[in-house]
Student: 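One structure coming up, written as structure tokens, with questions to follow.
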Protein chains: 2
Amino acid sequence: MPRADRERQMMSVAEEVFAERGYVAASMDEIAERVGVSKPMLYEYFGSKEGLLVACIRQARAELLRVTSQAAVDAVNPEDMLRNGLVAYFQFISDHRRSWALLCSETAVVGPSATEEIEAVRQQQTDLISSTMALYVPQPPLDLTAGAEVIVGGCERLALWCQRHPETSPADAAELVMRLIWSGMRSLLDDQPSPGQG
Amino acid sequence: MPRADRERQMMSVAEEVFAERGYVAASMDEIAERVGVSKPMLYEYFGSKEGLLVACIRQARAELLRVTSQAAVDAVNPEDMLRNGLVAYFQFISDHRRSWALLCSETAVVGPSATEEIEAVRQQQTDLISSTMALYVPQPPLDLTAGAEVIVGGCERLALWCQRHPETSPADAAELVMRLIWSGMRSLLDDQPSPGQG
DNA sequence: GCGCGTAGCTTACCATCGGTAGGTTACTTG
DNA sequence: CAAGTAACCTACCGATGGTAAGCTACGCGC
């Protein structure tokens, strides 16, 4: 089997095993066995267990950026941008629970490079939010980036909550976030940096 | 050395090593060595590596609940309650960076019981928020608990952001969160469940 | 057809680390 | 002083991440 195909297959199996057992409990031996290949092949292609995880995360990250930024460009004002992006985010999560578990439920514990990779996902979404919002304000205040952090973190937790309340649709979740933060967000956007109001 | 003292010492060292190396990279041998004791003692007192982590988390959790709920009772209206609680939270984090890394930066990856323990911290804060807010509304809507999730998740991310922007004080962070969410939160509180408006 | 480089793959191994069995020391208590 | 026990240790096991060395088969220049 050619390398590219084998790599895709390995990542698919790895995602599955990581999601089933959790990163630490997942063993490279088991992944190799399920792929139907020997362990050194995994190391040949991904370097390490963490490298394999990083590859999985990176793939999911690209997909997440694609769907959320696409959703944003389909809107014409900041409110719709944010709402559409939120819907796309919650939709992505409900479509890719396995991938999402990798993005959201695993952290610093796994090692430096995977941690960076997971942080990069959040960074990516934070940047997307603050930069699209900044389109509508001449001099974006620092608070805008901090506000974007709050949104990203809040959505992660809300997504977990939604898993426990399956009757909540992606649109419901997005609407709740909008109701909670839109008024405050708009005031951040309107709030030009003024003397004495750092 | 009596058991209780030894346990405290072990937990202190463990917290240190976990924070330095991350949970996975931290080895029980190293913790034992730094304590100046042999490895089986750690297992005698905490059962397992994960048990040791759980003990550390549990201690930090109790402390966090103490300071945040104390802050809340010192207020007289919901807005001040939320703000005071937020200030206490961000203050706790800046006071206990090491403990906080354990609470926030480590997740599902470590194993079932530690994961539960970490989730319990968030659950505790979510409950605290939604129950204190619910004091002010006869029939708390479901959205209130979801809203509390958003706040908890948002604050976690914001706290990380604050670490990268040390000029932001706990009060600044709390104020930002209040400006972002208070208006929306108040509307959730006012929003009595009415027919056709789930 | 034939050497030959190399992509894809394997067996067999090592080192580390979580966890345990079993024993020793030393202090308390009847 | 005997007996029990709390605190502690040495020496080991099994699993798992990671590696060394080699095998097989295909493509390619001659």
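A, B, ... follow the sequence lines: proteins, then strands. Residue 1 opens every chain.
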Student: Answer yes or no for B:Lys49 and B:Tyr23: cation-pi contact, defined as NZ/CZ to six-membered ring centre under 6.0 Å and angle to ring axis within 45°.
Tutor: yes
Student: Could you state the atom-to-atom distance from CE of A:Met10 to P of C:dG8 in whole Å?
Tutor: 10 Å
Student: Atom CE of B:Met41 and atom C1' of C:dT25: how far apart are they, to the nearest Å?
Tutor: 13 Å
Student: Rounding to a whole Å, what distance do you find between B:Glu33:CD and D:dT10:P?
Tutor: 12 Å
Student: Under 4.0 Å, counting only non-hydrogen atoms across every strand here, what does A:Tyr45 touch: a base, just sugar-phosphate, or nothing?
Tutor: sugar-phosphate
Student: I'd like to know if B:Lys39 reaches the base of C:dG18 with its side chain, counting only an N/O donor and acceptor under 3.5 Å.
Tutor: yes
Student: For the pair made of CD in A:Gln9 and C1' in C:dG8, what is the distance, rounded to whole Å?
Tutor: 13 Å
Student: Rounded to the nearest 0.5 Å, what's the gap from CG on A:Asp29 to CZ on A:Arg34? Could you check?
Tutor: 13.0 Å
Student: Can we say A:Glu33 and A:Lys39 salt-bridge, meaning some charged N sits less than 4.0 Å from an Asp/Glu carboxylate O?
Tutor: no
Student: Taking OH from A:Tyr23 and P from D:dT16, how many angstroms apart are they, rounded to a whole number?
Tutor: 14 Å
Student: Indicate whether any N or O donor in one side chain lies under 3.5 Å from an N or O acceptor in the other, for B:Arg122 and B:Gln125.
Tutor: no
Student: Looking at A:Arg6, I'd like to know whether one of its side-chain N or O atoms comes within less than 4.0 Å of OP1 or OP2 on C:dC9.
Tutor: yes
Student: Given D:dA20, is OP1 or OP2 found less than 4.0 Å from the side-chain N or O atoms of A:Tyr43?
Tutor: no
Student: Expressed as a whole number of angstroms, how long is the span from B:Glu50:CD to C:dC17:P?
Tutor: 18 Å
Student: So what does A:Ala32 touch, heavy atoms closer than 4.0 Å: a base, only the sugar-phosphate, or nothing?
Tutor: nothing
Student: Examine the side chains of B:Gln9 and B:Asp5 and answer whether a donor and an acceptor come within less than 3.5 Å of each other.
Tutor: no
Student: Return the value, rounded to whole Å, for the distance between atom CD of B:Glu44 and atom C1' of D:dA6.
Tutor: 9 Å
Student: Just to be sure I understand the rule, does A:Pro40 reach a base, reach only the sugar-phosphate, or reach nothing, if contact means heavy atoms closer than 4.0 Å?
Tutor: base
Student: Nearest whole Å is fine: how far is D:dG17 P from A:Leu52 CG?
Tutor: 11 Å
Student: From D:dC9, D:dG17, C:dG8, pick the nucleotide closest to the side chain of B:Ser38?
Tutor: D:dC9
Student: Between A:Arg3 and C:dC9, is there a side-chain N or O to OP1/OP2 distance below 4.0 Å?
Tutor: no
Student: Closest approach to the side chain of B:Ser27, judged atom by atom: which nucleotide of C:dG8, C:dC9, C:dG18 is it?
Tutor: C:dG18
Student: At 4.0 Å (heavy atoms only), tell me whether A:Met28 reaches a base, stays on the sugar-phosphate, or touches nothing.
Tutor: sugar-phosphate
